[in-house]
Amino acid sequence: MQNLKEKIQKLKREKNALILAHYYQNDDIQEIADFVGDSYYLSKIAKECKEQTIVFCGVLFMAESAKILSPEKTVLLPNIEAGCTMADMINGEDVRELKKEHPKAKVVCYMNSTAEVKAESDVCCTSSNALKIIKKLNSDEVIFIPDKNLGEYINEQAHVKNMIFWNGFCRVHEFVNVDEIMDIKNADEHVKVLVHPECNREVRKLADFIGSTGEIIDFATKDNCQKYLIVTEEGILYSLKNKNPDKQFITPKTPMTCCSMKKNTLNDVYMSLLNNQHEVTVDENIRQAAHKCLNAMHEMTR
Ligand code: 13P
Ligand code: SF4
């Protein structure tokens, strides 16, 4: 009797499919994936890969972005309930209103947004390239949606004269308890604190390093400290520990778990490959407009 992981590998070969997984996915999914990465890296792989079928183990906006970039490919999201609450905090109508209020502003949307919101925006960004993109835009007025924390963090460095924010945030990162971080820092002065920019300012102030999931892993891998406090979703620990077996990684006392990311199970991946479920589709008019926004990001970060 073949185990589930073997069955997935066999089906994947038969269907010439590629399995992509975000760093927040369950360990067993990261283990069987062809590529594991942050949202920017995965969108590049999805755009450039030769395979006709992509099983995107992440959340809907990630799979949707893959479909927008490669409409000819079949993009599957193993569990259709894997959404992102931050992405759902703003819709296309909200963006149109903002544009009416600030007609001269450039609109930069975080990758964590719906296709409809991307379609209304000038350029997309992720936390690993947002600063580069804002600097290249060189605009005095920027509407940054939907993550107020990432926007604020970027503008501490980019100093756009008028950056207009939306009150969007990620529940996993917004409600990190500052005292829990302080307790760990006070107990051990050698621990380095690595923080995702979706965290609020009070938490960012305590960081030794701030970066995307991929950048946090790179930093910990190249740095010569022994112990790190990881202030982002706990799924990242799988790749961190794999790449750094001799280092110690600890987390805040209150778990940082993205329930949406954890919706995808290994069995969902198998069923997804077996039955082509759940195929992600995007309305063609929206897709074309959203493609311009995503493509602008890839062009500006080349
Ligand atoms: P990254 O771009 O760092 O992978 O982050 C995506 C995300 O959803 C963070 O909550
Ligand atoms: Fe969305 Fe937050 Fe989950 Fe990232 S961690 S996918 S921003 S809900």
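Computed from heavy atoms alone, side chains included, the values below leave out hydrogens, waters and symmetry copies. Counting starts at 1 for both ligands and their atoms, in listed order.
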Exercise. Linking Ile, Leu, Val, Met, Phe, Trp and Tyr through side-chain heavy atoms less than 4.5 Å apart, which residues share a cluster with Ile216?
Worked result: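 Tyr23, Val36, Leu194, Phe209, Ile217, Phe219, Tyr228, Ile230, Ile236, Leu237, Leu240, Phe249, which link up through side-chain heavy atoms under 4.5 Å apart, make up the rest of the cluster.
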
Exercise. Which protein N, O or S atoms lie under 2.8 Å from atom 2 (Fe) of ligand 2?
Worked result: Cys170 SG

[X] heavy atoms, cut-off 4.0 Å: which ligand 1 atoms fall inside?
| X | result |
| --- | --- |
| His22 | 1 (P), 4 (O), 5 (O), 6 (C) |
| Asn112 | 7 (C), 8 (O) |
| Ser212 | 3 (O) |
| Ser127 | 2 (O), 3 (O) |
| His173 | 10 (O) |
| Ser39 | 1 (P), 2 (O), 4 (O) |

Exercise. Heavy atom of Tyr24 under 4.0 Å from ligand 1?
Worked result: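 Tyr24: in contact with ligand 1 (<4.0 Å).
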
For this session: Find out if a path of hydrophobic residues (ILVMFWY) with successive side-chain heavy-atom gaps under 4.5 Å connects Tyr270 to Val55.
Result: yes

Can you tell which part of [X] has a heavy atom less than 4.0 Å from ligand 1: side chain, backbone, both or neither?
| X | value |
| --- | --- |
| His196 | side chain |
| Glu233 | neither |
| Glu215 | neither |
| Tyr40 | neither |

Exercise. How about Tyr41 and His22: are their ring centroids closer than 6.0 Å?
Worked result: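 No: the rings miss the under 6.0 Å criterion.
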
For this session: Give the intermediate values and the outcome of side-chain hydrogen bond (donor to acceptor under 3.5 Å, both in side chains) for residues Thr221 and Asp218.
Result: CA-CA 5 Å; Thr221 307; Asp218 278 354; 5.5 Å; no

For this session: For residues Lys10 and Glu6, determine if any side-chain heavy atom of one lies less than 4.5 Å from a side-chain heavy atom of the other.
Result: no

Exercise. Can you find a pair of side-chain heavy atoms, one from Val59 and one from Met62, that are under 4.5 Å apart?
Worked result: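 They are in side-chain contact.
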
Problem set entry | Single hit among Ser128, Cys124, Ser212 for side-chain contact (heavy atoms from CB on, under 4.5 Å) with Tyr40 | Ser128

For this session: For the residue pair Ser272 and His278, confirm or rule out a side-chain donor-acceptor distance under 3.5 Å.
Result: no

For this session: Examine the side chains of Asn16 and Gln52 and answer whether a donor and an acceptor come within less than 3.5 Å of each other.
Result: no

Exercise. In this structure, are over 12 heavy atoms from other groups packed under 6.0 Å from Lys106 atom NZ?
Worked result: no

Problem set entry | Lys136 atom NZ, over 12 foreign heavy atoms within 6.0 Å |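 Yes, NZ of Lys136 has more than 12 neighbouring heavy atoms, counting only those of other groups under 6.0 Å.
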
For this session: Start with the C-alpha gap between Lys262 and Glu233, add the side-chain angles, then the distance that decides, and say whether salt bridge (charged side-chain N to carboxylate O under 4.0 Å, His left out) holds.
Result: CA-CA 11 Å; Lys262 300 311 193 234; Glu233 212 276 345; 2.9 Å; yes

For this session: Quick one: look up the protein heavy atom nearest atom 10 (O) of ligand 1 and list residue, atom name and how far away it is.
Result: Glu198 OE1, 2.9 Å

